[in-house]
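Here the structure comes first, spelled out in structure tokens, and everything after it is commentary.
Model, not experiment: these values are computed from the prediction. Every chain is numbered from 1, with letters handed out A, B, ... down the list of sequences. The figures that follow rest on heavy atoms only: side chains count, while hydrogens, waters and symmetry mates do not.
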Amino acid sequence: MCGRYNVIDDPFMQGLMQMLEIDASLPTQLNIAPTESIPVVWRDHSGNRLSYMRWWLVPAWAKTVDTRYAMFNARSENLKKSRVFSKPFRKQRAIVPASSFIEWQQVDAGKQAMLIEREQAALALAAIYEVTVIDGQALQSCAIVTRAAVPEMEALHSRMPVLLQPSQFKLWLDADTEIELDFQAFTAGLSEPLRATPISSQVNDSRNKSADVIQAVAEPETLH
DNA sequence: CCAGACGTTGTT
DNA sequence: GTCTGG
DNA sequence: CCAGACGTTGTT
DNA sequence: GTCTGG
């Protein structure tokens, strides 16, 4: 999973942007949902670049934008064989900077939203992007790559976004490098603990962009 | 060879 | 139940 | 991802 | 763009 996340303009995010060699800060965006426009770091011959892309990948051949298929995530296990994902996986890999992401944990009472974050750093989510000509206009769109949850997170949810370490940034963004399905980040354990905080159900409504959406409703738990 | 169709995730 | 919008 | 809307015919 | 069918 990874169907909702946050960007917060704080020192952790600024530090991540610096590591990504992007000379810009990202404005705070809370409760970002699929189909919204999100900041994405990708690489071309001139170096790393920042673009805003539609968070819902549009296939290269599509003539229109639609949401019939769930393309805001891309399973890492399927990147190579999928007709939609194979070219982006080979040549169009990207990083989505995130302060935290949201998981809904199934509990007896229903679903509890959990905010997942690192304690002392922002997150680099692995992504792929595509460029599609729609009505004569080039549209950039992207999907966040997912993987099986690490054991520490399984109780919360069975899937999670692929988290990249700074040492992997260059390799992942380099279009000339071939990445295989056994890429470390698809299967690695946690390099640092994650913190999971139960938050208000106000986050459920993607139209709610107020600070209330990251309000804790119980004590955080450290996953390690 | 060309024509024409094709795309997905997470959850139950 | 299924599709659309954010 | 979740929330919220969604339907039809025959007739004027 | 890439695969399948003829």
Side-chain angles (χ1 to χ4, degrees), chain A residues 1-7 28-39 52-93 96 98-117 123 125-134 138-150 153-162 175 178 181 186 196-210 212-215 217:
Chain A
M1 110 93 218
C2 189
R4 215 66 75 77
Y5 77 101
N6 301 297
V7 169
T28 295
Q29 268 179 283
L30 296 178
N31 205 9
I32 304 171
T35 72
E36 291 183 27
S37 184
I38 64 170
Y52 278 76
M53 303 189 187
R54 174 185 164 87
W55 181 18
W56 194 297
L57 194 141
V58 181
W61 67 83
K63 295 284 177 279
T64 57
V65 170
D66 72 59
T67 52
R68 279 206 300 273
Y69 300 89
M71 308 256 229
F72 55 97
N73 284 163
R75 294 178 71 104
S76 53
E77 301 92 323
N78 299 337
L79 288 174
K80 217 168 173 165
K81 70 165 189 222
S82 160
R83 276 200 227 181
V84 179
F85 298 151
S86 62
K87 184 195 161 215
F89 178 47
R90 271 186 289 110
K91 300 283 183 191
Q92 296 156 197
R93 296 183 298 267
V96 170
S99 299
S100 53
F101 61 92
I102 311 297
E103 302 275 15
W104 279 266
Q105 179 178 18
Q106 190 67 54
V107 293
D108 292 339
K111 282 185 171 183
Q112 172 62 56
M114 305 289 280
L115 182 146
I116 316 289
E117 63 193 334
L123 302 164
L125 310 183
I128 54 177
Y129 71 92
E130 185 57 278
V131 184
T132 315
V133 177
I134 304 289
L139 173 72
Q140 285 186 305
S141 62
C142 67
I144 292 173
V145 178
T146 64
R147 52 166 288 185
V150 293
M153 245 184 67
E154 269 173 354
L156 291 189
H157 205 82
S158 61
R159 305 286 301 174
M160 66 183 281
V162 170
E178 187 168 351
L181 292 184
F186 296 165
T197 309
I199 56 171
S200 157
S201 64
Q202 292 195 64
V203 75
N204 292 10
D205 188 342
S206 61
R207 292 168 303 186
N208 189 347
K209 305 300 189 188
S210 77
D212 300 343
V213 299
I214 52 173
Q215 206 164 68
V217 296

Looking only at side-chain N and O atoms, does A:Asn78 come under 4.0 Å of OP1 or OP2 in B:dT9? yes
Sticking with atom C1', work out how far B:dG10 lies from D:dC2, rounded to a whole angstrom. 13 Å
Take the protein atom CH2 of A:Trp61 and the nucleotide atom P of B:dT8, then report the distance between them rounded to whole Å. 7 Å
Using a cut-off of strictly less than 4.0 Å, decide whether A:Ser82 has a side-chain nitrogen or oxygen near OP1 or OP2 of B:dT8. yes
When rounded to the nearest Å, what value does the distance between C1' atoms of D:dT11 and C:dG1 take? 31 Å
Side-chain contact check for A:Phe85: nearest option of D:dA3, B:dG7, B:dT8 is B:dT8
With C1' as the reference atom in both, quote the distance from B:dT9 to C:dC3 in angstrom, rounded to an integer. 16 Å
Answer yes or no: is there a side-chain heavy-atom contact under 4.5 Å between A:Ser141 and A:Met71? no
Counting only Watson-Crick pairs (N1-N3 plus N6-O4 or O6-N4) and G-U wobbles (N1-O2, O6-N3), all under 3.5 Å, who is the partner of E:dG5? B:dC2
Can A:Tyr69 be said to stack with the base of B:dT9, given centres closer than 5.5 angstrom and planes under 30 degrees apart? no
Less than 4.5 Å apart, side chain to side chain, heavy atoms only: is that true for A:Phe101 and A:Ile144? no
Remember a base hit wins even if backbone is also touched, and classify A:Gln106 as base, sugar-phosphate or nothing at under 4.0 Å, heavy atoms. sugar-phosphate
Distance, rounded to the nearest Å, where A:Glu130 contributes CD and B:dG7 contributes P: 15 Å
Would you indicate, yes or no, if B:dG10 has its OP1 or OP2 atom less than 4.0 angstrom from a side-chain nitrogen or oxygen of A:Asn73? yes
Only one of A:Val213, A:Ile214, A:Asp212, A:Asn6 passes side-chain contact (heavy atoms from CB on, under 4.5 Å) with A:Val203; say which it is. A:Val213
Below 4.0 Å: OP1/OP2 of B:dG10 and any side-chain N or O of A:Arg75: yes
E:dG5 versus B:dG7 - spacing of their P atoms, nearest Å: 12 Å
For a quick check, tell me whether the side chain of A:Thr35 and the base of C:dG5 share a donor-acceptor pair closer than 3.5 Å. no
For A:Thr146 and B:dG10, is the shortest distance between a side-chain N/O and OP1 or OP2 below 4.0 Å? yes
By the 4.0 Å heavy-atom rule, please label A:Trp55 as base, sugar-phosphate, or nothing. nothing
Rounded distance in Å - CG (A:Leu156) to P (D:dC1): 15 Å
Should A:Glu103 and A:Arg159 count as side-chain neighbours, where that means a heavy-atom distance under 4.5 Å? no
Hey, can you tell me if A:Trp55 and A:Phe72 have their rings parallel, tilted or perpendicular (30° and 60° cut-offs)? perpendicular
How close or far is atom P of D:dC1 from atom CG of A:Asn208, stated in whole angstroms? 20 Å
Atom P, compared across D:dT8 and B:dG4: separation rounded to whole Å: 32 Å
Does B:dG10 have OP1 or OP2 sitting under 4.0 Å from an N or O in the side chain of A:Arg147? no
Does A:Arg83 place a side-chain N or O at less than 4.0 Å from the phosphate oxygens OP1/OP2 of B:dC6? no
As its Watson-Crick or G-U partner within any shown strand, both distances under 3.5 Å, B:dG7 has none
Could you tell me the separation between the NZ atom of A:Lys63 and the C1' atom of B:dA5, rounded to a whole number of Å? 12 Å
Tell me the interatomic distance from A:Trp56, atom CH2, to C:dC3, atom P, rounded to whole angstroms. 12 Å
Rounded to whole Å, the CZ-P distance (A:Arg207 to D:dA5) equals 8 Å
Could you measure the distance from the OG1 atom of A:Thr132 to the CH2 atom of A:Trp61? Nearest 0.5 Å is fine. 9.5 Å
Hey, is the side chain of A:Lys111 poking within less than 4.0 Å of OP1 or OP2 on D:dC2, counting only N and O atoms? yes
May I ask you to evaluate whether A:Arg68 reaches the phosphate of C:dT2, defined as a side-chain N or O under 4.0 Å from OP1 or OP2? no
With heavy atoms under 4.0 Å as the rule, sort A:Ala62 into base, sugar-phosphate or nothing. base
Above 12 or not: heavy atoms from other molecules or residues under 6.0 Å from NZ of A:Lys63? no
Rounded to whole Å, please give me the gap between CD1 in A:Ile128 and P in B:dG7. 15 Å
Students often get this wrong, so: under 4.0 angstrom with heavy atoms, is A:Phe72 touching a base, only sugar-phosphate, or nothing? base
Go through B:dG7, D:dA3, C:dG6 for me and flag the one nearest to the A:Pro34 side chain. C:dG6
Applying a 4.0 Å non-hydrogen cut-off, can you work out what A:Arg90 is touching in the nucleic acid: base, sugar-phosphate, or nothing? sugar-phosphate
